[in-house]
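These notes concern the structure reproduced below.
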Amino acid sequence: MAEGAVLLRGLFRADEPEIISALRAIVAQAPFRRMVTPGGHTMSVAMTNCGSKGWVTDISGYRYDVNDPESGRPWPALPPSFLDLARRAAEQGGFADFVPDACLINRYVPGAKMSLHQDKDELDLGAPIVSVSLGLPAVFMFGGLARSEKAKRYRLEHGDIAVWGGPARLAYHGVAPLADGEHPLMGRQRINLTFRKVQ
Ligand code: MD3
Ligand code: FE
């Protein structure tokens, strides 16, 4: 894809049932919700988190928070199956000993999108981000270090895992509006897990 970005296919197969059941348990404790940006817009993507920190946004800004603001309780813990998959993916991408402390979980229904942005709310920018795509395919947009650089488009499908480190870590990226469809396992949605080392 780009320097520092590695796409892994097939790593996920053996873990699929465990990952999906762990995901269901997380969502039962911390349901998906559409958050508000500091600009006052409600995001089309619904989000939740697991791990010791979770990414949140509201009218006052973006931050990582130890508590789910909806419940006032800590986010659900990172399940061992999630940690193991993220660590193996990072290793294959050239990052040994990746121990994420946060997993942001994004849910796209048809029409939902994520505009071009950088992920820079994490303190340790030397650590990669590992992403796992589930459900309907999406068109992922990958630009450069300046917003003005023209983004290239890639299809991300169920089971695709990507490791974003090095020069790719601060690249602008986004997701085009999700096309309608029905995934045999996940239904009419796309879910993306992004593993991060926040602290
Ligand atoms: C490249 N999520 O959660 S995953 C995000 O599909 C986010 O939900 C998208 O962008 C999604 O912040 C894209 C792939 C991804 C994730 C993080 C990155 C690519 C990245 C960080 C830096 C560079
Ligand atoms: Fe991002």
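All residue numbers refer to positions in the sequence shown, counting from 1.
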Quiz item: Is any side-chain heavy atom of Leu185 closer than 4.5 Å to a side-chain heavy atom of Glu16?
Solution: yes
Quiz item: With the 4.5 Å side-chain cut-off for hydrophobic clustering, are Val130 and Leu125 part of the same group?
Solution: no
Quiz prompt | Hydrophobic cluster identity match, Val198 and Trp55, side-chain contacts under 4.5 Å | solution = yes
Quiz item: What's the shortest heavy-atom distance between Ala89 and Val163, and which atoms?
Solution: O-CG2, 3.4 Å
Quiz prompt | Ile26 versus Cys50, closest heavy-atom pair with distance | solution = CD1-SG, 3.7 Å
Quiz item: Looking only at heavy atoms, what is the nearest atom pair of Gly61 and Pro38, with distance?
Solution: CA-CG, 3.6 Å
Exercise. Mind checking ring pair (Phe, Tyr, Trp, His ring centres under 6.0 Å) for His183 and listing every partner two or more places apart, or none if nothing turns up?
Key: His158
Quiz prompt | Val36 backbone acceptor or donor facing Thr42 side chain under 3.5 Å | solution = no
Quiz prompt | Gap separating the CG atom of Leu11 from the CD atom of Glu91, nearest 0.5 angstrom | solution = 10.0 Å
Quiz item: Does a side-chain heavy-atom distance below 4.5 Å link Leu104 with Arg196?
Solution: yes
Exercise. Indicate, with yes or no, if Leu78 and Val56 share a hydrophobic cluster defined by side-chain heavy-atom contacts under 4.5 Å among Ile, Leu, Val, Met, Phe, Trp and Tyr.
Key: no
Exercise. Provide the closest heavy-atom pair for Pro110 versus Asp180 in the form atom of the first, atom of the second, distance.
Key: CG-OD1, 3.3 Å
Quiz prompt | Spatial distance of atom CE (Met35) from atom CG (Asp58) [nearest 0.5 Å] | solution = 9.5 Å
Quiz item: Does the Asn192 side chain pair with the main chain of Asn106, one donor and one acceptor, at a distance under 3.5 Å?
Solution: no
Quiz item: Closest heavy-atom contact between Ala102 and Tyr64?
Solution: CB-CE2, 4.3 Å
Self-check item: Lys/Arg-Asp/Glu bridge criterion (N-O < 4.0 Å) met for Arg9, Asp160
Solution: yes
Quiz prompt | Passing option when Ile105 is tested against Asn49, Val132, Ile191 for side-chain contact (heavy atoms from CB on, under 4.5 Å) | solution = Ile191
Exercise. Report the residue from Lys53, Lys197, Arg169 that forms a side-chain hydrogen bond (donor to acceptor under 3.5 Å, both in side chains) with Glu122.
Key: Arg169
Quiz item: Can you get from Ile129 to Phe12 by hopping between Ile, Leu, Val, Met, Phe, Trp and Tyr side chains that sit under 4.5 Å apart?
Solution: no
Exercise. Heavy atoms only: give me the nearest Pro74-Asn67 pair and the separation to one decimal.
Key: N-OD1, 3.3 Å
Self-check item: Working for side-chain contact (heavy atoms from CB on, under 4.5 Å), residues Leu193 and Leu85
Solution: CA-CA 11 Å; Leu193 317 176; Leu85 183 64; 5.7 Å; no
Quiz item: Are Arg190 and Val175 close enough, and set up right, to give a side-chain contact (heavy atoms from CB on, under 4.5 Å), and what steps lead you there?
Solution: CA-CA 11 Å; Arg190 169 177 186 262; Val175 178; 4.2 Å; yes
Could you tabulate the donor-acceptor pairs under 3.5 Å formed by side-chain atoms of residues 136-153, not counting sequence neighbours?
from	atom 1	to	atom 2	distance (Å)
Arg147	NH1	Leu116	O	3.0
Glu149	OE2	Leu145	N	3.4

Quiz item: Has the side chain of Arg33 got a donor or acceptor atom that lies under 3.5 Å from a matching backbone atom of Met47?
Solution: yes
Quiz item: Can you list every pair that meets ring pair (Phe, Tyr, Trp, His ring centres under 6.0 Å) and has a residue in residues 67-97, with sequence neighbours left out?
Solution: Phe82-Phe195
Quiz item: Considering residues at least two apart in sequence or located in another chain, which fulfil the ring pair (Phe, Tyr, Trp, His ring centres under 6.0 Å) criterion with Tyr172?
Solution: none
Self-check item: Rounded distance (nearest 0.5 Å) linking atom CD of Gln199 with atom CG of Leu123
Solution: 6.0 Å
Quiz item: Name the one of His41, Met43, Arg63 that satisfies side-chain contact (heavy atoms from CB on, under 4.5 Å) with Thr57?
Solution: Met43
Exercise. Check the surroundings of atom CG in Asp97: do more than 12 heavy atoms from other residues, nucleotides or ligands lie under 6.0 Å from it?
Key: no
Self-check item: Partner set under ring pair (Phe, Tyr, Trp, His ring centres under 6.0 Å) for Phe32, not counting sequence neighbours
Solution: none
Practice problem: Would you mind reporting whether Leu156 and Leu7 have side-chain heavy atoms less than 4.5 Å apart? | Solution: yes
Exercise. Go through the structure and list residues passing ring pair (Phe, Tyr, Trp, His ring centres under 6.0 Å) with His173, not counting sequence neighbours.
Key: His117
Practice problem: Measure the CD-CD distance between Glu182 and Gln189 for me, rounded to the nearest 0.5 Å. | Solution: 9.5 Å
Practice problem: Kindly compute the distance separating CZ (Arg155) from OG (Ser133), expressed to the nearest 0.5 Å. | Solution: 11.0 Å
Quiz item: Between atom CG of Leu134 and atom CD1 of Ile161, what is the distance when rounded to the nearest 0.5 Å?
Solution: 9.0 Å
Self-check item: Heavy-atom side-chain contact between Pro100 and Leu83 under 4.5 Å
Solution: yes
